[in-house]
**Q** 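I am attaching a structure below and will ask some questions about it afterwards.
In this text, all values refer to a predicted model and were calculated from it rather than measured experimentally. Whatever order the structure lists ligands and atoms in, that order sets their numbers, starting from 1.
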Amino acid sequence: MVWEERWHALREEWVVVAAHRQDRPWIGETVEQRAPALPDYLSDCYLCPANRRISGAKNEDYSQTFVFDNDHPCVDPSAAADLERPVGIYMNRPARGIARVVCYSPRHNLTLAELAAAEIQNLLHVWQAQYEDLGSRQEIAHVLIFENKGDVVGVSNPHPHCQIYATNFVFKHIETEARAGERHLRETGRVLFHDIIAAERQDGRRMLWENDSAIAFIPYFARYAYEVFVAPKATHSSIAAMSQVEVRDFAEVLKHVLVKFDNLWRMPFPYVMALHQAPTDGADYSGFHFHIEFHPPLRKPTLLKYLAGPEIGGGNFLSDTSPEEKADELRALPELHYKGQEYQ
Ligand SMILES: [Zn+2]
Ligand SMILES: [Zn+2]
């Protein structure tokens, strides 16, 4: 049983851990556990190769990954620049950007967890190129790469893909992490994320997997039951700065984590995955350490973590589970994907 607050050094906020709450009786809503089997190809899927999208554009007949500009972008390069000023103390500013979609594979039913490590490596190279291309543009201040996976996080198309928002603003979590990292570097001379990795390795209880240059763990301050961080050990402000060898190691660790996730309940494991990378607005981000964060919304196969009174009403996360126990659970799982695919 854990009943304490833990400091989230990256978000600069406290997380309340009340780990005995998992056992309370549950009479709320549940989610469907068994995902229906999907075909390799669907003629009406707007992400499958050579299909036509709603916009009328035709997908390439692609054989690996496929990148295209989102037909329904949340951010758009043509958004108005001269906004009408609001009254009183209110402020506004133009929100502009480029939204893209990256299909992981031509196969409609092949999730990131089921890609071979070499295919994940290839995807990491695509992410590197996207960060460089979009981040180098004058009008772009940040490149957010993320995947929403599973019905429970509102995915509109099950064809495995991620999204890219390259924007003229920096998202709040990145801004906070950048500020926290900069201050830590100034005050201690050390990279904040290095100190987090060092603490995780020293404690050991939340470690999931590591190789020469990459590492995965459930952080001490995890807000979600199965929250996992994957990072290179050396500090790079973005994925683009990682070497070939680091990309290979990173893909191996990522694959390991994804297989464990799917094996947990023998189902495609839903999550929000976000690449946390330094802004591209030209400032100095030498204290920023690229990492991937997984925020899985389920606490049990049919039980969602609801954001409610403490989180939405009060503004602090209340975690019902102990990160140490959850890491134990993940570590104990097989390294072979439950669908029988060979671990590579
Ligand atoms: Zn498809
Ligand atoms: Zn982060």
Side-chain angles (χ1 to χ4, degrees), residues 7-13 15 35-54 57-68 71 101-112 114-115 131 142-147 149 155-163 170-182 184 191-197 200 215-224 227-232 235-239 250 254 257 268 271-279 285 287-296 317:
W7 180 243
H8 194 316
L10 292 168
R11 288 171 57 92
E12 302 190 302
E13 66 186 28
V15 178
L38 295 170
D40 266 5
Y41 168 81
L42 260 187
S43 58
D44 63 351
C45 167
Y46 63 85
L47 300 179
C48 275
N51 284 359
R52 215 166 271 287
R53 303 199 297 275
I54 301 165
K58 195 173 188 237
N59 292 337
E60 282 170 28
D61 191 10
Y62 62 100
S63 58
Q64 281 193 307
T65 51
F66 173 53
V67 185
F68 65 92
D71 300 321
V101 175
V102 182
C103 297
Y104 293 156
S105 151
R107 278 185 54 189
H108 185 77
N109 54 5
L110 200 65
T111 65
L112 188 54
E114 296 163 86
L115 292 183
Y131 180 87
H142 181 250
V143 180
L144 181 71
I145 302 175
F146 65 96
E147 179 188 356
K149 185 183 166 209
V155 176
S156 53
N157 186 328
H159 192 125
H161 67 283
C162 70
Q163 299 182 64
V170 180
F171 278 89
K172 183 168 189 278
H173 292 175
I174 305 302
E175 208 171 62
T176 307
E177 286 191 5
R179 194 177 54 235
E182 192 274 325
H184 192 80
V191 172
L192 176 57
F193 208 94
H194 266 189
D195 283 357
I196 290 172
I197 290 176
E200 291 300 338
I215 189 166
F217 55 88
I218 295 185
Y220 170 74
F221 45 70
R223 297 179 305 151
Y224 291 89
E227 182 170 326
V228 170
F229 283 17
V230 181
T235 294
H236 300 296
S237 62
S238 78
I239 190 170
F250 194 91
L254 200 54
V257 168
Y271 54 71
V272 173
M273 174 185 80
L275 277 69
H276 281 186
Q277 314 192 74
Y285 291 104
F288 200 101
H289 188 114
F290 158 67
H291 57 282
I292 288 184
E293 297 190 5
F294 285 96
H295 297 186
F317 255 70

**Q** Please determine whether salt bridge (charged side-chain N to carboxylate O under 4.0 Å, His left out) holds for the pair Glu12 and Arg179, giving the CA-CA distance in whole Å, both sets of side-chain angles, and the decisive distance to 0.1 Å.
**A** CA-CA 10 Å; Glu12 302 190 302; Arg179 194 177 54 235; 3.5 Å; yes

**Q** Using a 3.5 Å distance criterion without hydrogens, assess whether the side chain of Gln277 forms a donor-acceptor pair with backbone atoms of Ile239.
**A**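 Yes.
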
**Q** Any idea which N/O/S atom from Glu177 gets closest to the Zn ion (ligand 2)?
**A** OE2

**Q** Relative to the Zn ion (ligand 2), which of the N, O or S atoms in Glu293 is the closest?
**A** OE2

**Q** Using the Zn ion (ligand 1) as the apex, give the angle to atoms SG (Cys48) and ND1 (His159), rounded to 10 degrees.
**A**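 So the angle at the metal works out to 110°.
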
**Q** How many angstroms lie between OG in Ser105 and CG in Leu47, if you round to the nearest 0.5 Å?
**A** 11.5 Å

**Q** For a distance under 2.8 Å, tell me if His291 has an N/O/S atom near the Zn ion (ligand 2).
**A** yes

**Q** As a test of reading the structure, name the N/O/S atom of His276 that is nearest the Zn ion (ligand 2).
**A**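 It is ND1 of His276.
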
**Q** The Zn ion (ligand 1) and His108: any N/O/S contact shorter than 2.8 Å?
**A**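 Here the distance criterion (N, O or S atom, under 2.8 Å) is met by His108, so yes.
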
**Q** For a side-chain contact (heavy atoms from CB on, under 4.5 Å) check, start with the C-alpha distance between Asn157 and His108, then their side-chain angles and the critical distance, and finish with the verdict.
**A** CA-CA 10 Å; Asn157 186 328; His108 185 77; 3.8 Å; yes

**Q** Determine yes or no for a side-chain-to-main-chain donor-acceptor pair under 3.5 angstrom, with His291 supplying the side chain and His289 the backbone.
**A**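 Yes, the answer is positive, given that a donor and an acceptor are paired below the 3.5 Å cut-off.
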
